[in-house]
Amino acid sequence: MLIGIPKESFAGENRVALTPESAAKIQKLGHSLAVESGAGLAAGFSDQAYADAGVTVKDTADALWADADVIAKVRPPQADELARLNASKTLISFFYPAQNADDLEVARATGAKVMAMDMVPRISRAQKMDALSSMANVAGYRAVIEAGNNFGRFFTGQVTAAGKIPPAKVLIVGAGVAGLAAIGTATSLGAITYAFDVRPEVAEQIESMGAEFVYLDFEEAGQDGAATGGYAAPSSPEFRDKQLEKFRALAPEMDIVITTALIPGRDAPKLWLADMVAAMKPGSVVVDLAAERGGNCDLTQADQKVISDNGVTIIGYTDFPSRMAAQSSTLYANNIFHMLSDLTPDKDGVINHDMEDDVIRSATVTFEGETTFPPPPPKIQAIAAQPAKKEPEKTPEQIKAEELAAERRKGLSQFAMLGVGGITLLALGSVAPVAFLQHFVVFALACFVGFQVIWNVSHSLHTPLMAVTNAISGIIIIGALLQVSSDLPLVVVLSAISILIATINIVGGFMVTRRMLAMFQKS
């Protein structure tokens, strides 16, 4: 099928859904590719680079949309792009169906299959297609770079002949994908980094990256901000009060604050209020990654950089990934490739839109003239179920009773084995010659004693036991040598086999013992 990648028509969007590198991988799935002329220029990918990768370059968007079976793009489709859809086409892009109900209805009416990259479920198998996480990773990194660009000092502390430079203090609010990326970047630049999240289980992740987790003096039973799918859940009013109280205490100390808190389907919660901005030092910076949903800061203005009355810079850009278009496009193009890979399981260039597949079903918002949003819950749980409760520990009396019962069963088993052995000897004694019985008794005792000696030895003592087994093997070789000259062919064969096996055992025993002893010798 022909996969078409148009130039993004959204104003200021620099990303593209295909790179020359991802084009080579998609072609191995059996698909052919076409890209609109100039689609990748803003991200640093020329038309010639696409042509060299085997991609057809179309002069106009009309030509691309007319020929393509599947359209892959970044931003949600504009009105003119929705008008180009029909029942034979599949669209793969961000869509945000919960916020764009009207566009969803238009897409349904066209009969096209629409897959929203923002609806990929957050389960392990779908991480390779999780475009939201890919873009959040870039946004978190870029947020620190933007903060540094507007911050008048170094991130890292220095002691120079010209004076001492204190390190910057950075607070990250929200430790999701974007927050963790921001933590890693700020820490690597040398800042003293603090981070807060309503999910207490992320404290270890934060601390492992070199930041300090901000704890609240709050002891509400069962308080946990985690929700299904890896996102945060709304907090209780009491928790929020304690949260704001802590932020007010931190505000005068912080040089840079980066807020990343978002809850799917809701406006961004207000976490950094106007009085907190007023308490910050002049020259401080607030970067609000939730600006597109109203912002976490009271003073945030979408797509604007504003300066408060006390000289604090509040950055509310909504296009952080687009400001790093080359990196964002590379990651997003890989997400698109993995989605197409799942849609083309046989790698034969034929799209198999399997609605029984959890990932494909969750991402599909319209299918054959029907609206399939919202999707059913995935069959695979996004968060592991609570482990089963452990059984209560046994009392000393119960343990002693179980040990006595085990010893009794072992004694009965041995008694039964001896009984069976005695009956077998009596039966053989009535028909076998005396010489055979003498040898058989020695053989039976050797097997029994050998089994008890070796089988009951701990694995950690098997190597010291090699000396004993080598001695036993030596006795076997001597006995076999005495019998190898027998006139009976069967005895000769058995003796030769015994010599061979015993020799292998002795040589192996010495080799293992030598290697073990070498471990305790200085080189």
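Look at Glu146 and Arg323 and you find a salt bridge, because one of the NZ, NE, NH1 or NH2 atoms lies within 4.0 Å of a carboxylate O, short of that distance. Lys128 has a carboxylate O that lies under 4.0 Å from a charged side-chain N of Asp342, or vice versa, which qualifies the two as a salt bridge.
Annotation: side chain of Ile351 is in contact with side chain of His31 (closest heavy-atom distance under 4.5 Å). You'll find the side chain of Met117 reaches within 4.5 Å of the side chain of Ile336, heavy atoms only. The closest side-chain heavy-atom distance from Asp298 to Val277 is not below 4.5 Å. Leu244 places a side-chain heavy atom less than 4.5 Å from the side chain of Met276.
Side-chain atoms of Lys164 never come within 3.5 Å of backbone atoms of Gln158 as a donor-acceptor pair (strictly under, hydrogens ignored). Side-chain atoms of Thr193 do not come within 3.5 Å of backbone N or O of Ile183 as any donor-acceptor pair. Here the side chain of Glu81 pairs a donor or acceptor atom with the backbone of Gln78 at under 3.5 angstrom.
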Audit row: Ser133, Asp130, side chain to side chain donor-acceptor pair (under 3.5 Å) steps and yes/no: CA-CA 6 Å; Ser133 293; Asp130 190 353; 2.6 Å; yes
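The side chain to side chain contact (heavy atoms under 4.5 Å, CB included) with Lys73 is formed by just one residue from the set Leu91, Val16, Leu18, Ile92; it is Leu91. Remark: of the listed residues Leu29, Val350, Asp357, Asn352, Asn352 is the sole one forming a side chain to side chain contact (heavy atoms under 4.5 Å, CB included) with Pro345.
Contacts of Ser329 classified as side chain to side chain donor-acceptor pair (under 3.5 Å), with partners at least two apart in sequence or in another chain: none. Listed by chain and residue number, nothing satisfies the side chain to side chain donor-acceptor pair (under 3.5 Å) test with Thr185 (two or more places apart in sequence, or in another chain).
By the 30° and 60° cut-offs, the orientation of the rings of Tyr332 relative to Phe94 is parallel. Classified by interplanar angle (parallel below 30°, tilted 30° to 60°, perpendicular above 60°), the ring pair Phe247/Phe196 is perpendicular.
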